[in-house]
Amino acid sequence: MQTMDRRMFIKGGIGAAAGTALLGMAGCAPSATASGKLADTANDELPADLKESDFDFSIVEREPITEFAAEETYDIVVVGAGCAGVPAVLTAVEEGAKVACLQKEAVVSANGNGCSFVAKEHSTPAGIKRWRSDWARLNDWRINNDLFDYYVEYAEEAVPWVISQGRSVGIEPIEFLTDSSIRYDDGSVVAVCDATQASNQDLMTALAQKAADGGATFYYETPCVQLVQEEDGTITGAIGKQKDGTYVKLTATKGVVLAAGDYMNNESMVDRNMRDASMFPLCLVNHTGDGHILGILAGGRMAPLGHARQIHTNYIGPFMFYPFLALDVNGKRFCNETIPMSSLNISMSATYKPEDRGIHYRIFDSKTEGAVEGIPGVPPVALVGEGSAWMDPETVVSGNTLEELCEAAGIPVQEGVASIERYNELCAKGTDDDFGVAGSDMAAIDTPPFFCIKGDVGISGINAGIMVDNRYRVTDGEGNPIPGLYAAGIQAGNPCGGINWNMPGGFSNAHIFTAGRYTVIHALTGDMTPSNPASFDSIADSFIGEDGGYAWDSPACATAISVW
């Protein structure tokens, strides 16, 4: 699960790239230089997956670059220092390789805080496959089975490795859970472990420093603007543009790993691939699809539509599971409140103007735990009180009357009160004649003080990139891997495939960590076996619950997945 708060939305919006695209012509035929060729920049036609306007938002340069302030040789070159790029660099160091990283920003740039993996020894093969099938069903059967299986197979090592590396620099996860595990009615089991960091930004910053201390070279404020490609199609390096405008050419003898993030701030790419995103805040900046463009110019292809958008709100944590009354900016109820957070934008897109920017309100009162059938967890009021770890106090307001509440929240008072009173009538009736929520999931708002979460819905990631094979090698139009070129992280492939990101909690960061680590292992060895592997056993004690065991061993283990 990724986290964000209201302040992150303020940073959002479609922004200009760090640099402007240069004029020139692009295509597929490589252009010769003294020591290698540039991944193509010089024909009349762009590849089908690119448009001229894409370069208006990207730092990728199209005219061949032939003069360099420095030329260096490494085993591995990584493009991007985030949740995929940093594990890639640190893995290369651990494997004894010479590695460099080109990073667009002045610092590491990582997002989210949760990750998960499957403990295979405690699972059954049928349970894992049924679990994968359940997730596929939620995505209209569009998930990429190869990439899902990659996560199951290798995250069990990669996530404990990331946790262990964090511990080595004094960073400990804040939470360990196994309650996403499932014991199916046929006895099959999937044992799922979730770990939460306080901040992946802090973790990846510390791991990048560890990698640098181990010999890795980081070029900050040096975006990759071109790849180097031989006549046979092999990628042999990357070119970075330094802050002073000069260029550095990094030859990669084993491989280049693209880990440059998504394209949410490339207005041209968004307009073509995900137009309905324009009415929601964007939670990141400078994510301009540079890695996508570089990969496509090298012969790769874009993942087919739809592109899974990752929808988050600022009322995360336990609130995601409560079907609180939802009102729009006009004080009108607009949806069935049991819609998972990941799909809330679907209802909002039909009722909201772009200028509303994903704003809505969630209303509840001071009832205690157990007062509402079907609503789990602690008393809602406890989550917003003094010292709450879940809610930004700027996000939650209260009132002793419905009128006070609406006024404090900024909801049109007359409309808001009328909507709440109508909802209370439906609760008394026991049926939702307006939006079809089950009566057991409704609770009248009648116990003051009343509370309102001033909610934002925004896009925290676009999980679709350039196509990859089952080793995260970038593939061409025929599905063949482009030698020397890997992609990892959110810009790699289409693991979800659905319109919205409906995947296991923690899957996003975990598959990003995992691909970052294992692309490097594969590039260096041609195999998938790290020199110093971690394991579930090495951190298993951290996942033991208060009852002395794991959720998958409990009779109370869940029997179906829970979507938020």
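Counting only distance, with no hydrogens or angles, the side chain of Ser188 and the backbone of Thr124 share no donor-acceptor pair below 3.5 Å. In this structure, the side chain of Ser123 engages the main chain of Ala191 through a donor-acceptor pair within 3.5 Å. Side chain of Thr431 to backbone of Asp433: no donor-acceptor contact under 3.5 angstrom is found. Side-chain atoms of Asp202 do not come within 3.5 Å of backbone N or O of Ala198 as any donor-acceptor pair. For His511 (side chain) and Val152 (main-chain N/O), no donor-acceptor pair under 3.5 Å exists by modelled atom type. Under a 3.5 Å cut-off, the side chain of Glu175 and the backbone N or O of Asp194 do not form any donor-acceptor pair. Checking side-chain atoms of Thr178 against main-chain N and O of Cys193 turns up no donor-acceptor pair under 3.5 Å. In this structure, Glu94 contributes its side chain and Ser531 its backbone to no donor-acceptor pair below 3.5 Å. A donor-acceptor pair under 3.5 Å links the side-chain atoms of Gln103 to the main chain of Ala81, judged by distance alone.
Taking every heavy atom of both residues into account, Ile293 and Thr288 meet most closely at CD1-O, 4.4 Å. Of all non-hydrogen atoms in Ala303 and Asn494, the two that sit nearest each other are CB-CB, 4.0 Å. What you find for Ala238 and Cys224 is that their closest heavy atoms are CB-SG, 3.8 Å. The two residues Gly505 and Ser116 have their closest heavy-atom pair at O-OG, 3.0 Å. Minimum interatomic distance between Asn113 and Asn509 (heavy atoms only, all atoms of both residues): N-ND2, 3.6 Å. A pairwise comparison of heavy atoms in Val192 and Ser181 identifies N-OG, 2.9 Å as the closest pair.
Taking the side chain to side chain donor-acceptor pair (under 3.5 Å) definition, one finds that Trp501 meets it with nothing, sequence neighbours left out. Partners of Arg301 by side chain to side chain contact (heavy atoms under 4.5 Å, CB included), not counting sequence neighbours, listed by chain and number: Asp49, Met467, Thr475. In this structure, the ring pair (Phe, Tyr, Trp, His ring centres under 6.0 Å) partners of His307, at least two apart in sequence or on a different chain, are Tyr263. In terms of the side chain to side chain donor-acceptor pair (under 3.5 Å) criterion, Arg142 has no residue partners (sequence neighbours excluded). With sequence neighbours excluded, no residue forms a ring pair (Phe, Tyr, Trp, His ring centres under 6.0 Å) with Tyr423. Every ring pair (Phe, Tyr, Trp, His ring centres under 6.0 Å) that His522 has, sequence neighbours left out, goes to Tyr486. Residues satisfying the side chain to side chain donor-acceptor pair (under 3.5 Å) test with Ser538, not counting sequence neighbours, are none. Residues satisfying the side chain to side chain donor-acceptor pair (under 3.5 Å) criterion with Ser168, sequence neighbours excluded, are Lys210.
Proximity of Leu207 to Thr205: side-chain heavy atoms (C-beta onward) are nowhere separated by under 4.5 Å. Taking the side chain as every heavy atom from C-beta outward, Tyr472 and Tyr518 never approach each other to under 4.5 Å.
Listed by first and then second residue, the ring-ring contact (aromatic ring centres under 6.0 Å, His included) pairs that reach into residues 185-210 come to none, sequence neighbours excluded. Residue pairs meeting the ring-ring contact (aromatic ring centres under 6.0 Å, His included) criterion with at least one member in residues 189-210: none, sequence neighbours excluded. Pairs engaging residues 165-200 under the ring-ring contact (aromatic ring centres under 6.0 Å, His included) rule: Phe176-Phe543 [sequence neighbours left out]. Applying the salt bridge (charged side-chain N to carboxylate O under 4.0 Å, His left out) definition to pairs two or more places apart or across chains, those involving residues 334-344 are Arg333-Glu337.
Taking the six-membered ring for Trp, Trp131 and Phe148 have ring centres closer than 6.0 Å. Close placement of the Tyr151 and Phe507 rings is indicated, their centers lying within 6.0 Å of each other.
Between the side chains of Thr338 and Asn336, at least one donor N or O lies within less than 3.5 Å of an accepting N or O. Counted by atom type alone, Thr91 and Arg517 present one or more donor-acceptor pairs between their side chains at under 3.5 Å. For the residue pair Asp262 and His287, a side-chain donor N or O sits within less than 3.5 Å of a side-chain acceptor on the partner.
How far CG of Asp149 is from CG of Asn470: 9.5 Å, rounded to the nearest 0.5 Å. Note: Asn480 CG to Asp469 CG = 9.5 Å, rounded to the nearest 0.5 Å. In this structure, CD1 on Ile512 lies 11.0 Å from SG on Cys115, to the nearest 0.5 angstrom. Atoms CD1 and CG, from Ile311 and Asn502 in turn, are 10.5 Å apart once rounded to the nearest 0.5 Å. One finds the CG atom of Leu258 at 6.0 Å from the CG atom of Leu294 (value rounded to the nearest 0.5 Å). The distance from the CE atom of Met204 to the CG atom of Asn200 is 5.5 Å, given to the nearest 0.5 Å.
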(request) Check the pair Asn273, Leu305 against side-chain contact (heavy atoms from CB on, under 4.5 Å), reporting the backbone distance first and the verdict last. (result) CA-CA 7 Å; Asn273 296 302; Leu305 299 178; 3.8 Å; yes
(message) Checking Asp537 against Ser535 for the side chain to side chain donor-acceptor pair (under 3.5 Å) test, could you report, in this order, the C-alpha distance in whole Å, the side-chain angles of both residues, the deciding distance, and whether it holds?
(response) CA-CA 5 Å; Asp537 289 343; Ser535 67; 4.9 Å; no
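Annotation: cation-pi pair Arg183/Trp552 absent, no NZ/CZ under 6.0 Å from the ring centroid and within 45° of its normal.
A salt bridge links Arg130 with Asp185; the closest basic N to acidic carboxylate O contact falls under 4.0 Å.
With a 6.0 Å radius and a threshold of 12 heavy atoms from other residues, nucleotides or ligands, Glu478 has its CD atom at or below the threshold.
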